[in-house]
A.B. asks: 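One structure follows; several queries about it will come next.
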4 protein chains.
Amino acid sequence: MADQLVRSGRKPRADAQRNRERLLEAATQVFNQGEAEASLEAVARQAEVGIGTLYRHFPTREALFEAIYRREVQQLVALAEQLDNEAPVEAVRRWVHAMIGFVAVKKGMSAALAVVAQSSSQLAVCMLEQMVGALDRLLRRAVSAGEMRGDISAEEILRALVGMCYMHDTPDWRRNVLRTADVLIDGLRYAARGPQPAGR
Amino acid sequence: MADQLVRSGRKPRADAQRNRERLLEAATQVFNQGEAEASLEAVARQAEVGIGTLYRHFPTREALFEAIYRREVQQLVALAEQLDNEAPVEAVRRWVHAMIGFVAVKKGMSAALAVVAQSSSQLAVCMLEQMVGALDRLLRRAVSAGEMRGDISAEEILRALVGMCYMHDTPDWRRNVLRTADVLIDGLRYAARGPQPAGR
Amino acid sequence: MADQLVRSGRKPRADAQRNRERLLEAATQVFNQGEAEASLEAVARQAEVGIGTLYRHFPTREALFEAIYRREVQQLVALAEQLDNEAPVEAVRRWVHAMIGFVAVKKGMSAALAVVAQSSSQLAVCMLEQMVGALDRLLRRAVSAGEMRGDISAEEILRALVGMCYMHDTPDWRRNVLRTADVLIDGLRYAARGPQPAGR
Amino acid sequence: MADQLVRSGRKPRADAQRNRERLLEAATQVFNQGEAEASLEAVARQAEVGIGTLYRHFPTREALFEAIYRREVQQLVALAEQLDNEAPVEAVRRWVHAMIGFVAVKKGMSAALAVVAQSSSQLAVCMLEQMVGALDRLLRRAVSAGEMRGDISAEEILRALVGMCYMHDTPDWRRNVLRTADVLIDGLRYAARGPQPAGR
DNA sequence: AATGAATGAGTGTTCATTCAT
DNA sequence: TATGAATGAACACTCATTCAT
């Protein structure tokens, strides 16, 4: 499903598995602490593995991105499920904060996400859908509770968040983005009750 | 103004001027209907002009970006001034819509803006500052009027808007982004009066 | 030695070794029968090898120079050691002649040496130092024996020799330079005993 | 004879003459305080003159070099004549020192001379011949006086000197080269009397 | 399966030279 | 004549991708 090795039915050779791990580890480092446009050769070098091996495991650059972030994405999906018990709006806020914190830790992930969000490969779409699904679940609850407007799709909001993260590269962008994200969430609440007389 | 240059037969040779125009036209097309990272050679080819000519007119990639978008940016700055008479929040909303519409017309401008927003060249910074200045002017009025919270900088909001635009490439992204931008603005209003009891 | 590498089937793949050889051969030809500033592309073409291959083997122009002339330089160093048993002045003369003969065979080496002598890369400096060291060893002996003046550094003399070679491109320059070099050596001897009354 | 303008019979226009002067001045500066490989465009810019004008006056790079150094060469030729009254060996030494000092002042002239010495254009040859002639005149006197060996041509010595200068780029190369040049001259004297018993 | 050598198209950039104004 | 815009060949260098070992 994810990449070539899995397809062959047979259990993957031990060293193949090890190399896959090394590559993911290396790619994470290279992409996260630098640019998302680093050369694949650099990744292979970091993993102390031949470039050919990299290609065997991840035939395209996107396959690599996807493999890197699949796990992380699943964490976010899991988090959404856990937040089911929270108050609706608060759950949305916490999930959004988690996502931003997540991107902040994995510096450079924003670029990768941007790439993914703009590509249209099946797998990229799938990843995006998962995240959209997670956020959607939370939003729906808030909307049902009458605490948020329901005419903005989760995908829209997700794209906005990713875009907000992507536009920064200063080291302290995180708190700024967090605040702006809160504004966005506030906007979703505000409209739930419609515009109100400015004089209260 | 352009007239003057053409008529006076002085320095700006006719063909030079024409080539400059062609290059801008071509660059706009190439960048707008593709990626902001298209090769300069491609631009020259599109303009049916030697690569050397491109370099003569625009010694760096950014000089080209800047030339393309400087005029447009100034339009937005001018718009901000015109909106001084509007109701504060409405003025903000209209300016934001104008900016998005502007990006929508110049499809791909978002990519260019993204590049600019992330680079740190003097000129890029200057362009960004101009737009920030325009938005800041409008925000301040709204804040002064007690209709918007004042702890989110214009730059943050601008980056968020650019990011939102950048994350889309479907043909109909515009209305989605407009709506999400409105949510953001609503958020700015909402907090001006503090969180309110949600029906509780 | 080369044998070993080839036979052991280990790391140095056969074709890599062959290409390296071809590149050195080609570079020697191109540089020697033309200018030291020939394009690297020309070298690759001569070697019938992709330009990328050239870069893999020799990441910089100087790395190529160095590879070409390292072995030869070491021969000269070795020669200096062998001449330790000769009469001091004669040893200097023979080494200098060897050097010139060496340049003469590798026509165009003078240009390469000139480049090296003017660059300041680590490796270039190292090569120069080796040759200076070799000549210095011989000069010291002659100075100790009271047969040469000691206030001219080996490096000066070496630069002069390289310069002399570099200034020629006629096919028969060798004997001319040899004679002039002898004059230089004579000058070193002459002053060992101080200026003498010229018959006056 | 030197360049195109002179050929046309008519007296050169005043501004043409002025531009020629500016170009020479500029070229001297650019070549002398930098590299002999500076772009012609840089020269034209320094002269505040169009590149086309440069080409009109000096159709080739060598024509420019030649024009620059012709006057200086003639100074050296004149100096040789003035030295006719000095003691022969001293005259040679003084001329050689003058030449080196000359190159030292016009930093970068060594590179230009090297170019000239290796080219084979008529004019370059002519320049070289003039300098050779000047030195030759002095050498002959010393040889006639029995104070120098006569089997080394002036051209050889000149090439050696130029080469020696060319091989340096440190700021204090002058004294080193002067000393080495003295050694060369000493060598010419030494052999005039043949090898002498080392014990005196 | 793993390796890394080979490839060459592609990009940015410079500069000598021509030519329209 | 003077100008400088236009040109494009040439070069250095990178990197994704293929393929022999």
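Since the structure is predicted, the reported quantities are computational estimates derived from the model, not experimental observations. Numbered from 1 within each chain, the chains take letters A, B, ... in sequence-line order. Note: hydrogens, waters and symmetry copies are ignored here, and every other heavy atom, side chains too, is used.
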A.B. asks: About how many Å separate CD of C:Glu25 and CG of C:Asn19, when rounded to the nearest 0.5 Å?
C.D. replies: 13.5 Å
A.B. asks: Answer with yes or no after comparing the ring centroid distance for B:Phe58 and B:Phe65 against a 6.0 Å cut-off, counting only values under it.
C.D. replies: no
A.B. asks: What is the distance from CD of C:Gln17 to P of E:dG4, rounded to the nearest Å?
C.D. replies: 16 Å
A.B. asks: At what distance, to the nearest 0.5 angstrom, does NE2 of C:His57 lie from CG of C:Leu64?
C.D. replies: 11.0 Å
A.B. asks: Can you tabulate the close N/O pairs, meaning under 3.5 Å, that link protein atoms to atoms of nucleotides 14-17 of chain F?
C.D. replies:
| from | atom 1 | to | atom 2 | distance (Å) |
| --- | --- | --- | --- | --- |
| F:dA16 | OP1 | A:Arg61 | NH2 | 3.2 |
| F:dA16 | OP2 | A:Leu40 | N | 3.2 |
| F:dT17 | OP2 | A:Tyr55 | OH | 3.1 |

A.B. asks: Please round to the nearest 0.5 Å and tell me the distance separating atom CD1 of C:Ile68 and atom OG1 of C:Thr28.
C.D. replies: 4.5 Å
A.B. asks: Before you tell me yes or no, could you show the steps for D:Arg18 and D:Asp15 under side-chain contact (heavy atoms from CB on, under 4.5 Å), namely the whole-Å CA-CA distance, both residues' side-chain angles and the distance that decides it to 0.1 Å?
C.D. replies: CA-CA 5 Å; D:Arg18 201 202 55 222; D:Asp15 57 345; 4.2 Å; yes
A.B. asks: Answer yes or no: does a side-chain N or O of B:His57 lie under 4.0 Å from OP1 or OP2 of F:dA6?
C.D. replies: yes
A.B. asks: Would one find a side-chain N or O of D:Asn19 under 4.0 angstrom from OP1 or OP2 of F:dT1?
C.D. replies: no
A.B. asks: Who does E:dA20 pair with, Watson-Crick or G-U, both distances under 3.5 Å?
C.D. replies: F:dT3
A.B. asks: Expressed in angstrom and rounded to an integer, what is the separation of B:Phe58 atom CZ from F:dA6 atom C1'?
C.D. replies: 15 Å
A.B. asks: Go through A:Leu128 and A:Val73 one step at a time and tell me if the side-chain contact (heavy atoms from CB on, under 4.5 Å) criterion holds.
C.D. replies: CA-CA 9 Å; A:Leu128 201 63; A:Val73 163; over 6 Å; no
A.B. asks: Take the protein atom CG of D:Leu54 and the nucleotide atom P of E:dA16, then report the distance between them rounded to whole Å.
C.D. replies: 10 Å
A.B. asks: Provide, to the nearest angstrom, the distance between the CD atom belonging to D:Glu48 and the P atom belonging to F:dA2.
C.D. replies: 16 Å
A.B. asks: Toward the 5' end of DNA chain E, which comes first, C:Arg20 or B:Arg45, by nearest nucleotide?
C.D. replies: C:Arg20
A.B. asks: B:Asp15 CG to E:dT18 C1': how many Å, rounded?
C.D. replies: 13 Å
